[in-house]
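Okay, so here's the structure we're looking at.
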2 protein chains.
Amino acid sequence: MTSPKSPATLLDVAERAGVSLKTASRAVNGEPHVAEATRQRVAQAALDLGFQLNSMASLLKRGIRSSFIGLVTGDLANPFYSSLAKGVERELRSEGLQLVVSSTDENGERERLLVDEMVARQVRALIVVTTQESNESLARAQDRGIPVVFVDRPAAGLTADSVVLDNRAGARLATEHLLAAGHRRIGFIGDFSRLPTHLQRLDGYLDALAGAAEQADTARGAGAQDPRELVREDLHDAAGARGAALELLALPDPPTALFTSNNRVTIGALTAFRELPSAPALVGFDDFDLADVLGVTVVSHDPVEMGARAARLALETLENRQPSGEGVILPVRLVERGSGEAAPGVDWRQGPRATATAS
Amino acid sequence: MTSPKSPATLLDVAERAGVSLKTASRAVNGEPHVAEATRQRVAQAALDLGFQLNSMASLLKRGIRSSFIGLVTGDLANPFYSSLAKGVERELRSEGLQLVVSSTDENGERERLLVDEMVARQVRALIVVTTQESNESLARAQDRGIPVVFVDRPAAGLTADSVVLDNRAGARLATEHLLAAGHRRIGFIGDFSRLPTHLQRLDGYLDALAGAAEQADTARGAGAQDPRELVREDLHDAAGARGAALELLALPDPPTALFTSNNRVTIGALTAFRELPSAPALVGFDDFDLADVLGVTVVSHDPVEMGARAARLALETLENRQPSGEGVILPVRLVERGSGEAAPGVDWRQGPRATATAS
DNA sequence: ATGAAAGCGCTAACAG
DNA sequence: CTGTTAGCGCTTTCAT
């Protein structure tokens, strides 16, 4: 139905409109100093020919690399990353920039490849959730004058902007919350042990535990247990986390509460609970759809805002050339929904599911 | 730390290596007929200068538009769309293409803008979840020789490939399932009434209801009730769906079961149930995280595969120039988890949550 | 195996 | 207000 012939160029339009190339250019780009009549004629010719500016040539000529910003994340299908992407996109859109996305699947080699490819495609800036495995290609990107902004995980081995969460404080908050409910044996299920987010969250957990142990020591002088006993790491998907939860809860002296260190792990643990006669208390890092329906207490934050912040940093760097290198730390907060308030031995799933009574 | 000066060009590399521009080009691109020693020298020079090919110029010269594929969806943060994006990306990656994403927020004007922008940026192909509000810009894209593939919603007013779900069959399946459990008053909560997915799901629901009414008529000769009575439409977010669910269930003669026509609507209904002393039976369209934990019966399908299929169609069209226009219809299936099997008056949330017993 | 010249489609300087 | 002349960074003939 449609002619698949080579697209019309600006020269074709100019000829058809009976004007010079430059005049056509001016008209098409809405520049001033073009007579209204001329503008009309050019517009008509463009329409007739189905003309569309070749931005490739246009940008090349103007010395502009492109209108694309690259986002490199772990896995687009993870709601955390897709929310991040949404935040980035929202911020970009107002500047007329476009978002190129890609997933590393947490593979360092893949990250290198993707970054190199994006650099070759002339992205203006790069926003990346790095695997932390290699940073050479990111360093190269920086050398080429492409601003690199790290999100969720800090810059490793190079000076660049970053936007991360207050992971340690969040984990401490969560653990202290469980301690306050009377729990003394609190399990920890975490993602890849290499990730800084993981390490910080583990530190927060250990901080809280140490604080509690200190108090107990002062009071009773008892020796503290090994806090690592209930820690399980390198669980990157829900299935693995489910297994770890089941394993922990099958221990001779099982934990009465769990701190799950991200959304996937939390979901895995909840899946495990379904197979159990009673569920331990739980606090998860990252909020998620239905957490309120399930009554799950979480450490909450705003991934969309995080993406937007990162995008803004990238845009500013694009203008000023100031890779401040400061590092933004976004706050987190505890959202109590019941699963973390349960006392040891109490199954929070048994609690009242209805909040509405007669009115 | 880094020099933000203008990037090195191939000419710089050539000079530094003491070869001609063309030789440098050949070496950099790994073309044959270059002496190994020369290749080495060029590689070293490129490394020294931090050189990276300007694909903009390269592609321009070769008459190639770009290596980008555009994906236009409703909202990236919706897991359905982000899974779709993941599928598209996976398929593209093997071809060395990149994915540019954007969200319309279901706004027709915005869709037009985004599509035009992508066309201006020379995307090679366009995969779009159209708002169905306007298709002029998509038609224009097609005219420019850019393959357009419709996903989730069929092509409107133009001949193009499409990948959609068997919405009608899925909805019929869901409704029949509820009918089989003894439900006679089944509510329907749907998205924007303008969307073909909505209309087809509504049709499937009405099909099932009509089938049941016919049987009843034959048996008892009773007059059928107005099937539209329990239908609520244009609920596009969870909050709205929650309201609709509450409203339906507060009716004098409320439904004993609900069919929720997509993931957001389902989540809204589940949120509503939390505020109620007892929950009606429920079947939702679209599977979602934690549906198994919550025991929610759904009409399931594979959004990642859907994205991959669409991407493959786009790639094929890029090669053969065959916009078959056939239209792929992906199957759906019912996944029973309890919420749809409950008889009228029975709260499925009360059912046994544990599937594991003594072993 | 290497190089010189031409030009992809467009826009920035300058004219007029 | 309009046109002419260069040339962005690269790849392609067509030589050598």
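In what follows, every chain begins at residue 1, and chains take the letters A, B, ... in the order their sequences are listed.
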Inset, instruction - List the steps and the verdict of side-chain contact (heavy atoms from CB on, under 4.5 Å) for B:Val304 and B:Leu84. - result: CA-CA 5 Å; B:Val304 176; B:Leu84 206 70; over 6 Å; no
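- Rounded to whole angstrom, the span from the CZ atom of B:Arg41 across to the P atom of C:dA1 amounts to 15 Å.
- Side-chain contact between B:Leu330 and B:Val163 is present, with heavy atoms from C-beta onward closer than 4.5 Å.
- Checked by atom type and distance alone, the side chain of A:Glu31 never pairs as donor or acceptor with a backbone atom of A:Arg26 at under 3.5 Å.
- Counting only residues at least two apart or in different chains, ring pair (Phe, Tyr, Trp, His ring centres under 6.0 Å) contacts with residues 49-71 of chain A comprise A:Phe68-B:Phe68.
- In this structure, CG of B:Asn29 is placed 17 Å from P of C:dA1, rounded to the nearest angstrom.
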Inset, instruction - Show the numbers, then the answer: is there a side chain to side chain donor-acceptor pair (under 3.5 Å) between B:Ser58 and B:Ser55? - result: CA-CA 5 Å; B:Ser58 162; B:Ser55 71; over 6 Å; no
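- Between the NE2 atom of A:His33 and the P atom of C:dT11 there is a distance of 17 Å, rounded to whole Å.
- Heavy-atom distances under 4.0 Å link DNA chain D to B:Phe51, B:Leu53, B:Asn54, B:Ala57 of residues 48-57 of chain B, given in residue order.
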Inset, instruction - Would you sort out whether B:Glu89 and A:Ser102 count as a side chain to side chain donor-acceptor pair (under 3.5 Å), showing the intermediate values? - result: CA-CA 7 Å; B:Glu89 192 212 347; A:Ser102 62; 4.7 Å; no
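- Atom CG of B:Leu59 and atom P of C:dG9 are 13 Å apart (whole Å).
- Here C:dG3 presents its P atom at 12 Å from CG of B:Leu11, a figure rounded to the nearest Å.
- Residue A:Glu15 contributes atom CD, which lies 13 Å from atom P of C:dG9 at whole-angstrom precision.
- Distance, A:Asp12 CG to C:dC8 P: 11 Å, rounded to whole Å.
- Listed candidates were D:dT2, D:dG9, D:dT11. Nearest to the side chain of A:Leu60 is D:dG9.
- Put simply, B:Ser25 has a side-chain N or O that comes within less than 4.0 Å of OP1 or OP2 on D:dT11.
- Looking at B:Arg121 and B:Ser66, their side chains never bring a donor and an acceptor atom within 3.5 Å of each other.
- Checked against C:dG3, D:dC1, D:dC10, the side chain of B:Val19 finds its nearest nucleotide in C:dG3.
- Overall bending of the helix from C:dA1-D:dT16 to C:dG16-D:dC1, expressed as the angle between end axes built from five pairs apiece, is 30° (10° steps).
- Computed from coordinates, the A:Leu10 CG to D:dG3 P distance equals 13 Å when rounded to whole Å.
- Of the possible donor and acceptor atoms, none in the side chain of A:Arg124 sits under 3.5 Å from a partner among the backbone N and O of A:Ser67.
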List every contact pair, protein side and nucleotides 4-7 of chain D side both N or O, where the distance is under 3.5 Å.
from: D:dG7; atom 1: N2; to: A:Lys61; atom 2: NZ; distance (Å): 3.1
from: D:dG7; atom 1: N3; to: A:Lys61; atom 2: NZ; distance (Å): 3.3

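- Evaluation of the ring pair (Phe, Tyr, Trp, His ring centres under 6.0 Å) test over residues 8-50 of chain A, restricted to residues two or more places apart or in two chains, returns none.
- The 5' end of DNA chain C is approached more closely, in terms of each residue's nearest nucleotide, by B:Glu36 than by the other of B:Glu36 and A:Glu31.
- The closest donor-acceptor contact from the side chain of B:Thr23 to the backbone of B:Val19 lies at 3.5 Å or more, if one exists at all.
- Residues forming a side-chain hydrogen bond (donor to acceptor under 3.5 Å, both in side chains) with A:Asp105 (at least two apart in sequence, or on another chain): none.
- In summary, B:Arg16 and B:Asp12 do not engage in a salt bridge, as defined by a charged side-chain N under 4.0 Å from a carboxylate O.
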